[in-house]
Amino acid sequence: MASSSSKSLFSSPHFTSFNRSSHSKSPLLSFSTSSVSLNPRPLHSSITSSSSSSSSSSSYSSNRCSFIPLRSVLKTLESSAFVSQNSDLADPTSPNDRSTILVAEKLGEAGLELLRSFGNVVCAYDLSPEELCAKISSCDALIVRSGTKVNRQVFEAAKGRLKVVGRAGVGIDNVDLQAATEFGCLVVNAPTANTIAAAEHGIALLTAMARNVAQADASIKAGKWERNKYVGVSLVGKTLAVMGFGKVGSEVARRAKGLGMQVIAHDPYAPVDRARAIGVELVSFNQAISTADFISLHMPLTSATSKVFNDDTFGLMKKGARLINVARGGVIDEDALVRALDTGAVAQAALDVFVEEPPPKDSKLVQHKNVTVTPHLGASTKEAQEGVAIEIAEAVVGALNGELSATAVNAPMVAPEVLSELAPYVVLAEKLGRLAVQLVAGGSGIKSVKVVYKSGRAPDDLDTRLLRAMITKGIIEPISDSHINLVNADFTAKQKGLRISEERVLVDAPPEFPVESIQVVVSEVESKFASAVTEKGEVAIEGKVKYGVPHLRRVGSFDVDVSLEGNLILCRQVDQPGMIGRVGNILGENNVNVNFMSVGRTMRRKRAIMAIGVDEEPNKDTLRQIGQVPAIEEFVFLNL
Ligand SMILES: NC(=O)C1=CN([C@@H]2O[C@H](COP(=O)(O)OP(=O)(O)OC[C@H]3O[C@@H](n4cnc5c(N)ncnc54)[C@H](O)[C@@H]3O)[C@@H](O)[C@H]2O)C=CC1
Ligand SMILES: O=C(O)C(=O)COP(=O)(O)O
C-alpha cells in the first residue's frame, strides 16, 4: 500500500472514490459514494462539496479500486478533448437524433439489445473493405471482432463522424490505433469476458490432442476403425508449462491441476503470490520448456514474444513435447514448428491461432498429421460472446455518452494547454517507468511502485493523473500488449496487480514549473543492476526536466546527469582514470555512437557510476567487451 507518510484516499475526506461496474447498466464509471455519473453534464450539478485537506501527499491503490482526486476528474473532464470534441453527440433521449452503431461481426443478443436501447443498430456482417468504407460515414460507432480490419482507409472514409470503435474481445491488432487517434476516434475493447472461454478451449485442445480425438474422428468418418493407430498419452502426473500467467494462463493452470497435472509457469511479470495461491511454481523460460511434457501458450504477441518458439527453443524442449497455442500465431515460427514436428522434437501441436488467418489452404502446418487445429475459436462460446457483447456495448454506449472509459486503448484525452505544460514531464514520466521496469530482474515481478513528485506548487494544484498514467505506461507496455493511456492506466495496473502510490512533496522551486523532479521507487524486487538499489533495499531512480529535456538525475544512491534520449548503458566501476576512454573506444570500434557520458561517484577513487547515452543498440559482442573491462563491476543496457 502507500508509504507510511502517504495518506490513503480511502480515509481522506478530500477525495471521492469511483468504481467500475462492468456488467451493470449503470455508467462505466460512477462515484460509489454518491452514484454520480461521470457524464459531464449531470456531474457538475450532482457533486456534493468536499472538504479541503492540507495533506501534501496522496496515494492510489490499484489493487483495491481506482481512486482519483475529484478535482482532477472535473479538470480532466472539463478539459477533455474527447468530451469537447464530442459535445455535439446525439442525445440518446431524443428519438430523432439517435447515434448509429454499425455491428460488423456477430455479437451476442444481450449486447445488441443494450445498443438498440441507446441508438440505431445496423448489423452488417461479412462486409468487403469497400462496403465497410461506404457505410462508415453514416455511423457514430463501429463494433468488430478479430475478422474486420479497421484500417486508416476506414477512418478516412468516416469523414470525422466515427467517434468510437469497439473491439468485442481482447486483441486490437486488427484496428489501426494510430489512425484512430489521429482521427480523434476512441477505441475500446472487452478484455475480461472471454477469459474462461479461451482457457476452456486451451484445455479442450490439450485433451483432444493427447487422445487424438480429431484424427480418430476423421478416420472413423472415412469408414476406418483404427484402434491401434490412435493410442494416446495420459495427462495425469505429466508436467504442463503455462507460458504467460495472466488471465487466461492462470485459469488454464487451475484446470490442469484438476486433471492431476504438475503445473509450472513462466511469466517474467506475474506476481509470485498469485502463482503460489494456485499451487504453481514460476520458473525461467528455459526451465519451463526443458522440463514440460505439455507447453501451453498464453502470452501476448509483443516484440519480445514474436517467434519466441523457433528452431533454437524447440531444440531445448524435452524430446516429444506437445504444444498448445490459444494466444497468437505470431509467437511461433510456424516453419520451425513444421521442422520440429517432422523430426519428432515436438510430438504434437494443437493450434487455435495462426500468423495469417485464415491460414493458406496448403499450409504444411495445418495439414500436418500431428497437428490439431481450430479456426480461432478460443472466445467462441455462447456465454463468452454474451459477456463480451455486454462488455463492449456498455463501453461503446458509455463512450458515446462522453464518459471516461476504463477499457479505452488509444490516445489520452487532455486539453492542449494542459498537455503542452506537462509535455516534457509526460516524456520524463514514461521514460522513468521504462527504466524502472528494465532495472528490475525479470522473475521477481513489480507489485508496488511509489512515485514521489517534488514541486514548488501546492500539492493540490498538481494534477498527477497524466504523469501517473505515463509511468504506468512505461512500466507495463514493454512487457505486454496493453496500450496504456490516461483513461485505462489505473484499470490496467489493477488488472496486472500493480499498486501505485503517490507522494507530493512541496519544495523550494519555481512554481511556474509544475514539477521539480519525479522519483520512481520499486519495492520488494531484485535489480539487474545492484547499484540501482538504495540502502532501504528499493530500486529507485529520479529524473527532472532540464531546458525542456528529460534527464536522469539519480540511480540508487548515485547522482548522475544524463539526458534521457536514445538508449542508455549504466556501468558501476572502480573510480579510476581512463574508464571513459576505454568504454568509449569499445563503442566506437563497434560503430555505436555515443551521444553523452556522465560519471557520478560516491567517493573519489572508490566507486562511480558511468551513464552512457548511445544512439544505436550495441550488439551482444560489444556488451560482452564492456563487461570484460576489469574495473567494471556491473553494467546494464537500457532501452529508452
Ligand atoms: N484464441 C482466442 O480466441 C483468444 C486469445 N486470447 C489471447 O490470449 C493471450 C492472453 O490473454 P489474457 O490472458 O487475457 O492476457 P493477460 O494480459 O491477462 O495475460 C498475458 C500474460 O502474459 C505475460 N507475458 C508478457 N510477456 C511475456 C513473456 N515474454 N513471456 C511470458 N509471459 C509474458 C504477462 O505478464 C501477462 O501475465 C493474448 O494474446 C490474447 O490476445 C485471448 C482471448 C481469446
Ligand atoms: O479476444 C481475443 O483476443 C481473441 O482472440 C478473440 O477473437 P474473436 O473475438 O473471437 O475474433
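Numbering starts at 1 and runs along the sequence shown. We count ligands from 1, going down the list as the structure has it; atoms in each ligand are counted the same way.
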Q | Taking atom 33 (C) of ligand 1 as the reference point, the nearest protein heavy atom with its distance | A | M299 CB, 3.8 Å
Q.
Return the closest protein heavy atom for atom 22 (O) of ligand 1 as residue, atom name and distance.
A. P300 CD, 3.2 Å
Q | Close side-chain approach of L206 to S296, heavy-atom, < 4.5 Å | A | no
Q: May I ask you to identify, for H201, whether its side chain, its backbone, both or neither come under 4.0 Å of ligand 1 on a heavy-atom basis?
A: neither
Q. Can you name the nearest heavy-atom pair linking G232 to N212, along with the distance?
A. CA-ND2, 3.9 Å
**Q.** G169 N/O to ligand 2 N/O under 3.5 Å
**A.** no
Q) Are R116 and E109 within salt-bridge range, i.e. N to O under 4.0 Å? A) yes
Q. Any idea which protein heavy atom is nearest atom 42 (C) of ligand 1, and the distance to it?
A. V170 CG2, 4.1 Å
Q: Look at ligand 2 and say whether R167 reaches it with a heavy atom at a distance under 4.0 Å.
A: yes
Q) Backbone, side chain, both or neither: what part of R328 comes under 4.0 angstrom of ligand 2, heavy atoms only? A) side chain
Q.
Which option wins on minimum heavy-atom distance to atom 30 (N) of ligand 1: P268, S380, A197, G244?
A. P268
Q: Give the contacting part of K496 toward ligand 1: side chain, backbone, both or neither, where contact means a heavy-atom distance below 4.0 Å.
A: side chain
Q) Strictly under 4.0 Å, does any heavy atom of A168 approach an atom of ligand 2? A) yes
Q) Should V522 and I475 count as side-chain neighbours, where that means a heavy-atom distance under 4.5 Å? A) no
**Q.** Check: R434 main-chain N/O paired with Q438 side-chain donor or acceptor under 3.5 Å
**A.** yes
Q. For atom 13 (O) of ligand 1, what is the nearest protein heavy atom, given as residue, atom name and distance?
A. V248 N, 2.8 Å
**Q.** K382 vs E386, salt bridge (Lys or Arg N to Asp or Glu O under 4.0 Å): CA-CA, chis, key distance, verdict
**A.** CA-CA 6 Å; K382 281 185 188 163; E386 284 301 303; over 6 Å; no
Q.
Please find the pair of heavy atoms, one from E105 and one from R145, that lie closest to each other, and give the distance.
A. OE2-N, 2.8 Å
Q.
Using a 4.0 Å cut-off to any heavy atom of A379, which atoms of ligand 2 qualify?
A. 6 (C), 10 (O)
Q) So, do L337 and F309 sit near enough that their side-chain heavy atoms are less than 4.5 Å apart? A) no
(Q) Ignoring hydrogens, what is the shortest heavy-atom contact between L297 and V331? Give both atom names and the distance. (A) CD1-CG2, 3.7 Å
Q. Salt bridge check: are K135 and E131 linked by an N-O gap of less than 4.0 Å?
A. no
Q) Heavy atom under 4.0 Å from ligand 1: found in F245's side chain, backbone, both, or neither? A) backbone
Q) Just checking, is any N or O donor in the side chain of S146 or N174 under 3.5 Å from an acceptor N or O on the other one? A) no
**Q.** Exercise: identify the closest heavy-atom pair between L439 and A532
**A.** CD1-CB, 4.1 Å
Q: Identify the protein heavy atom lying closest to atom 7 (C) of ligand 1, giving its residue, its atom name and the separation to 0.1 Å.
A: A327 O, 3.7 Å
(Q) Which of the numbered atoms in ligand 2 are under 4.0 angstrom from any heavy atom belonging to G171? (A) 1 (O), 2 (C), 3 (O)
Q: May I ask you to check whether Y269 has an N/O atom sitting below 3.5 Å from an N/O atom of ligand 1?
A: no
Q: Please write down residue, atom name and distance for the protein heavy atom closest to atom 5 (O) of ligand 2.
A: H376 NE2, 2.6 Å
Q: For L205 and V326, work out which heavy atoms get closest and say how close.
A: CD1-CG2, 4.0 Å
Q. Hey, are E524 and S448 close enough side-chain-wise for a donor-acceptor pair under 3.5 Å?
A. no
Q: Any atoms of ligand 1 less than 4.0 Å from a non-hydrogen atom of H376? List them with their elements.
A: 1 (N), 2 (C), 3 (O)
Q) Which one holds for N194 and ligand 2: side chain close, backbone close, both close, or neither close, with close meaning a heavy atom under 4.0 Å? A) side chain
Q.
Give me the residue, atom name and distance of the protein heavy atom closest to atom 43 (C) of ligand 1.
A. N194 OD1, 3.4 Å
Q) Is ligand 2 under 4.0 Å from a heavy atom in the side chain of S146, in the backbone, in both, or in neither? A) both
Q) Mind checking whether I143 and L115 have side chains closer than 4.5 Å, heavy atoms only? A) yes
Q) For the residue pair M261 and F294, what are the closest heavy atoms and their distance? A) CE-CD1, 3.7 Å
Q.
For atom 29 (N) of ligand 1, which of the options V353, T305, D267 provides the nearest non-hydrogen atom?
A. T305
Q) Between K247 and ligand 1, is there a nitrogen or oxygen pair with a distance under 3.5 Å? A) yes
Q. Closest non-hydrogen protein atom to atom 10 (O) of ligand 2, residue and atom name please, with distance?
A. R145 NH2, 2.8 Å
Q. Is V326 in polar range of ligand 1, meaning some N or O pair under 3.5 Å apart?
A. yes
Q: Look at atom 26 (N) of ligand 1 and say which protein heavy atom is nearest, naming residue and atom and giving the distance to 0.1 Å.
A: I479 O, 3.4 Å
Q: Note the single closest protein heavy atom to atom 1 (O) of ligand 2, along with its residue, its atom name and the distance in Å.
A: V170 N, 2.6 Å
Q | Taking atom 19 (O) of ligand 1 as the reference point, the nearest protein heavy atom with its distance | A | G246 CA, 3.3 Å
Q: Give me the ring orientation class for F285 and H266: parallel if the planes are under 30° apart, tilted from 30 to 60°, perpendicular past 60°.
A: perpendicular
Q. Which ligand 1 atoms, with their elements, are less than 4.0 angstrom from a heavy-atom of A198?
A. 43 (C), 44 (C)
Q: Please say whether A379 places an N or O atom under 3.5 Å from an N or O atom belonging to ligand 1.
A: yes
